[in-house]
Every structure is written in structure tokens, then in C-alpha cells.
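Structure first, then comments.
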Amino acid sequence: MPTRTQVAIIGAGPAGLILGHLLHLRGIDSIIIENHDREYVIHRVRAGVLEQGTVDLMHEMGVGDRLAREGLRHEGLYLACDGTRHHIDLAGLTNGRAITIYGQGEVVKDLIDARIATGRPLHFDASNVSVHNIDSEHPSVRYDVNGESYELSCDFIAGCDGFHGVCRPSIPAGALCAYEKTYSFAWLGILAEAAPASPELVYSVHQNGFALFSMRSPQVTRLYLQCAANEDLSQWSDDRIWSELIARLRTHDGWQPNTGPILQKGIAAMRSFVADPMRYGRLYLAGDAAHIVPPTGAKGLNLAAADVWRLSRALAEFYDEGSTAGLDAYSERGLRRTWRAQRFSWWMTTMLHRDATATPFDYRRQIADVEYLVSSRAAMTSFAENYVGVPLE
Ligand code: APR
Ligand code: PHB
């Protein structure tokens, strides 16, 4: 195995894989090191909303064929409250921009296939991954694969190893400021073998708590319901899940999600987190390693894509022109986009969920929030431009 590369990428989630491919397209050498196996990375059930900019990026990278065939383009969505669904025309409000439903696992699968086709290294099942000399011009990564130990020297390390990875904790205490907010609730999510009952997503405010109707394909519905942060999944039988989802999503016009066998269920924690700066020496953090948003605004995967798009351009500028301008601006520009997404995700979360300390006043105010949003073209435009995502810059 090579022991030298230009960019060592830690983590083969969306951030690491998109970065590896963007660097490949610019002729920059990388090695991707992942501590789980390929099946785990593909089959982890995660989010599934791609912003317009992320879809465009997949096409520009030449990995958009299956996305174009199987992705579900949505030009609008619904917000429901008090038994009424209100439509928001995302495309009409944003000059034709839209979102596409395509599971993160599908994105990752396409990118792994593309990586393998390039012949560049991608190591799954690496253990004892650690980063060294990150504040020097000669950083390195140590890891074990198949019982062999490796030391990889490189010019840069991209920390794309998610929230629980090794890269961020390798930055000395004091060099990083962490901003964090936790929520008193989480999401219980299911995948069900049931045709989507609506062609577009439905976000619902309800006295019992938030619920979301989404989908993965014409045969599979994805649904979420707000639960306690410390919820015990074993207390949720399939019958209880369905009756709660239907109670929270059903509208007066008789609409409700179709039911069917539950294929998968799990609980996702909610957190807002930002690491500042997104860089230390020659270690650059991207994606969940640098920031976490609550899933309400569907921004996590898209923020990761924006980070590595910017990082790939900065690295190309360094190798092609010897300029560090893009690298020097990486953190500041990334934080600007991150805080914009944080604000939007927090705002949507607060508007739609029932907090543990909520009073009847809070619930009435939430309904007023949604009713104002869906009655004002200015408010809907602001919502839509954030939801479909600002262009990459
Ligand atoms: N060494 C190598 N790889 C690691 C290590 C480690 N010590 N720790 C974690 N990883 C791997 C994980 O197994 C995972 O495959 O890094 C990858 C990180 O991927 P994600 O957690 O998916 O994070 P990211 O690529 O930033 O994707 C953005 O957007 O939809 C949201 O949270 C969702 O994962 C999604 C994220
Ligand atoms: C999803 O389909 O998984 C999904 C959709 C919208 C969100 C979050 C998740 O806001």
C-alpha cells in the first residue's frame, strides 16, 4: 500500500467520498481511510434530501446518472397544522430550484462505485486510525488494515470522519471553540413498505409533538415522529408507532400516510454543534466532523457537500498556483454557511416541535408562526430559498 499521498481523507461518508472524487477530477492524489466496512457505510439509514446545489454537484462530478433516474424531484412541500395542509411552492418561489429525494446510502453507493472505478485507494475496516504532526507541513496518518500497520505521510489531512471521529479531538484543547445546543426531544424514524400517500413531504405541528412524512421511492415511505431525547425504542410497538403517526399527520381533508410493514426503525438524537475554526494547521474538518444540525431543515448532508466542494477548490488552487488563499479562507467561509444553516435548522425545529417545557401559549404561538409563514409570500420566499439551499460559493 502506498505510504505517501497528497491528501489523506479520514472517513468514507458523503464528505470524504465527494472530496476524494473532486480531487481526482483535478488530478490530486488521495487515500480514503474508513473504519467501518462497505456494507455499514452504504446501509446506515440517514437523511435523504438533496438541495439543488448538491444535485448539480453530483452531475458535474459525473456521478448523477442513477440520481437522475431514481431520485424524486420535489418542487414543493406541505406544512400542516391544526388538521390543515398548506402548500409551499419551492420552485415557484426560487426561480425553479427544487430538492431531490435520494437516500444518503444511495449517494454513498454511487460515490464508492465511482471511487473504485478511478483505481485510487479506499480502505475500509481500518482500525487504530490516528493523525500526527498536524501543525507541521508534514502531517501523517497511522492506521491498521488486515493486521498490518501503516504510516501515511501527506501534505494535508481532511477530517471527514463524522461527529464521533478522531480528527476533531486531535486538535489541542484551547485551539477550538465548540458551540453546542441540545434539545429535549429526538426523532423516532421508520422506513415502511408503503407507497407514499403524497407526492411531496408533509411537516406537521401537533399537540402530541412534531411528525414528518417523507419517502425513499415509489414503494417506500419514510416517517418520523418527535419523541423524548431518552426514548426507549422497545416501548414502541409497530401499532403504537402507526397510531401516533396517523394522529399527528392526518388532516381534515382525510389525508393520512399509507401504512405497511415496517422495514427499519431507529431513534436519531437532535443536536446543534459548531466547531470553530474548521481548521488546525494542515488538518481541515468537513461535514459532521465540524458541525451538526438538527435534521428538521435537512441540511446535514448538503453542508458536508458544500464544505468539501470549497476544500477541493482551495487544494487545487494550492497545487496549481501555489496559493494558500482558499485554504486560509476555508474556515471563515465554511462557518458563514454553517451558521446560516444552523439558524434555519434551529428556527424550523423550534417552530415545529413541542418542547418539554411548552405551555398552551407556546402551542398557539407555533400555530400562528406556521399560519403566518404560509400566508405571506415574503415569508414563504425566505423559507424556500433556505430550504432549497443557497448556491455553492
Ligand atoms: N477513522 C476512519 N473513519 C472514521 C472514523 C475513524 N476514526 N470515525 C468515523 N469514521 C467514518 C464513519 O464510519 C463514517 O463512515 O467517517 C464517516 C463519517 O461519515 P458521516 O458520519 O456520514 O459524516 P459526513 O460524511 O460528514 O456526512 C454528513 O450529513 O445527513 C447528515 O449526519 C448525516 O452523515 C451525514 C452527514
Ligand atoms: C428524510 O427523508 O429522511 C428527511 C426529510 C426531511 C427532513 C429530514 C429527513 O427534514
Side-chain angles (χ1 to χ4, degrees), residues 8-20 31-51 54 72 74 77 79 99-105 107-108 111-112 122-131 141-145 157-170 187 189-191 196 200-203 210-217 220-224 264 266 268-271 273 278 285-308 341 344-345 348-349 352 387:
I9 300 175
I10 318 292
L17 291 164
I18 295 174
L19 180 62
I31 295 187
I32 305 180
I33 301 157
E34 163 63 48
N35 69 349
H36 285 88
D37 65 22
R38 178 184 169 137
E39 292 311 302
Y40 170 88
V41 177
I42 293 176
H43 291 117
R44 243 176 332 181
V45 178
R46 291 281 183 98
V49 174
L50 305 190
E51 291 177 357
T54 308
L72 305 170
H74 288 193
L77 57 73
L79 291 185
I99 54 146
T100 298
I101 301 292
Y102 193 63
Q104 177 170 317
V107 173
V108 164
L111 289 162
I112 291 175
L122 163 53
H123 302 303
F124 290 106
D125 282 321
S127 53
N128 300 321
V129 180
S130 58
V131 299
V141 180
R142 293 191 199 136
Y143 60 101
D144 299 340
V145 177
I157 299 175
C160 301
D161 51 350
F163 187 66
H164 300 288
V166 290
C167 290
R168 197 182 62 252
S170 304
W187 279 12
I190 63 163
L191 277 176
E200 293 175 346
L201 271 51
V202 183
Y203 287 84
F210 170 71
L212 169 61
F213 163 87
S214 180
M215 65 199 69
R216 282 294 175 275
S217 72
V220 175
T221 297
R222 175 88 170 131
L223 295 146
Y224 298 96
Q264 188 271 346
M270 306 272 269
R271 145 185 305 124
F273 176 86
M278 292 168 67
L285 301 176
D288 277 15
H291 38 66
I292 299 282
V293 283
T296 326
K299 291 277 164 258
L301 193 159
N302 298 293
L303 262 187
D307 286 345
V308 293
F344 179 68
S345 306
M348 242 185 116
T349 302
L352 300 176
Y387 195 83

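Keep in mind that the numbers below use all heavy atoms, side chains included, and drop hydrogens, waters and symmetry copies. In each ligand, atom 1 is the first atom listed, and ligand 1 is the first ligand listed.
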Name the closest protein heavy atom to [atom], giving the residue it belongs to and the distance to 0.1 Å.
atom: atom 21 (O) of ligand 1; value: Arg46 NH1, 3.5 Å
atom: atom 2 (O) of ligand 2; value: Ser214 OG, 2.6 Å
atom: atom 10 (O) of ligand 2; value: Tyr203 OH, 2.6 Å
atom: atom 9 (C) of ligand 1; value: Asp161 O, 3.1 Å
atom: atom 5 (C) of ligand 1; value: Asn35 ND2, 3.3 Å
atom: atom 30 (O) of ligand 1; value: Gln104 OE1, 3.0 Å
atom: atom 27 (O) of ligand 1; value: Pro14 CD, 3.4 Å
atom: atom 5 (C) of ligand 2; value: Val49 CG2, 3.4 Å
atom: atom 19 (O) of ligand 1; value: Gly13 CA, 3.5 Å
atom: atom 13 (O) of ligand 1; value: Glu34 OE2, 2.6 Å

Under the 3.5 angstrom rule, does the side chain of [X] hit a backbone N or O of [Y] as a donor-acceptor pair?
X: Asp307; Y: Gly287; result: yes
X: Lys299; Y: Tyr387; result: yes
X: Arg216; Y: Thr221; result: no
X: Thr54; Y: Leu50; result: no

Going by the order shown, which atoms of ligand 1 are within less than 4.0 Å of some heavy atom of [X]?
X: Gly300; result: 29 (O), 31 (C)
X: Val129; result: 1 (N)
X: His36; result: 13 (O)
X: Val166; result: 7 (N)
X: Gly165; result: 8 (N)
X: Gly287; result: 26 (O)
X: Asp288; result: 23 (O), 26 (O), 28 (C), 29 (O), 32 (O), 33 (C), 34 (O), 35 (C), 36 (C)
X: Leu301; result: 29 (O), 30 (O), 31 (C)

So among Ile9, Val166, Ile157, which one has a side-chain contact (heavy atoms from CB on, under 4.5 Å) with Val141? Ile157
So is [X] polar-close to ligand 2, meaning N/O to N/O under 3.5 Å?
X: Tyr387; value: no
X: Trp187; value: no
X: Tyr224; value: yes

Which atoms form the tightest heavy-atom contact between [X] and [Y], and what is the distance?
X: Val108; Y: Gly13; answer: CG2-C, 4.4 Å
X: Val293; Y: Gly300; answer: CG2-N, 3.6 Å
X: Ala286; Y: Ala15; answer: O-CB, 4.3 Å
X: Trp187; Y: Leu212; answer: CH2-CD2, 3.8 Å
X: Asp161; Y: Cys167; answer: OD2-N, 2.9 Å
X: Ala12; Y: Leu17; answer: O-CD1, 3.2 Å

Once you restrict to heavy atoms under 4.0 Å, what part of Ile101 touches ligand 2? Side chain, backbone, both or neither. neither
Can you tell me how far apart [atom1] ([X]) and [atom2] ([Y]) are? Round to the nearest 0.5 Å.
X: Ile32; Y: His123; atom1: CD1; atom2: NE2; answer: 10.0 Å
X: Arg46; Y: Leu301; atom1: CZ; atom2: CG; answer: 9.5 Å
X: Ser127; Y: Ile33; atom1: OG; atom2: CD1; answer: 11.5 Å

For Leu201, the atoms of ligand 2 under 4.0 Å from one of its heavy atoms are 5 (C), 6 (C)
In terms of atom number and element, which parts of ligand 2 are under 4.0 angstrom from non-hydrogen atoms of Ala298? 7 (C), 10 (O)
Report yes or no: does a heavy atom of Arg216 sit under 4.0 Å from some atom of ligand 2? yes
Any Leu72 side-chain heavy atom under 4.5 Å of Tyr102 side chain: no
Give a yes/no verdict on whether any heavy atom in Cys160 is under 4.0 Å from an atom of ligand 1. yes
Can you tell which part of [X] has a heavy atom less than 4.0 Å from ligand 1: side chain, backbone, both or neither?
X: Ala15; value: both
X: Ile292; value: neither
X: Ile10; value: side chain

Polar contact flag, side-chain donor to acceptor under 3.5 angstrom, Tyr224-Arg222: yes
Closest to atom 8 (C) of ligand 2 (heavy atoms only, candidates Gly189, Pro295, Pro294, Gly48) is Pro295
Using a 6.0 Å distance limit plus a 45 degree cone around the ring axis, check whether Arg168 lies over the aromatic ring of Phe163. yes
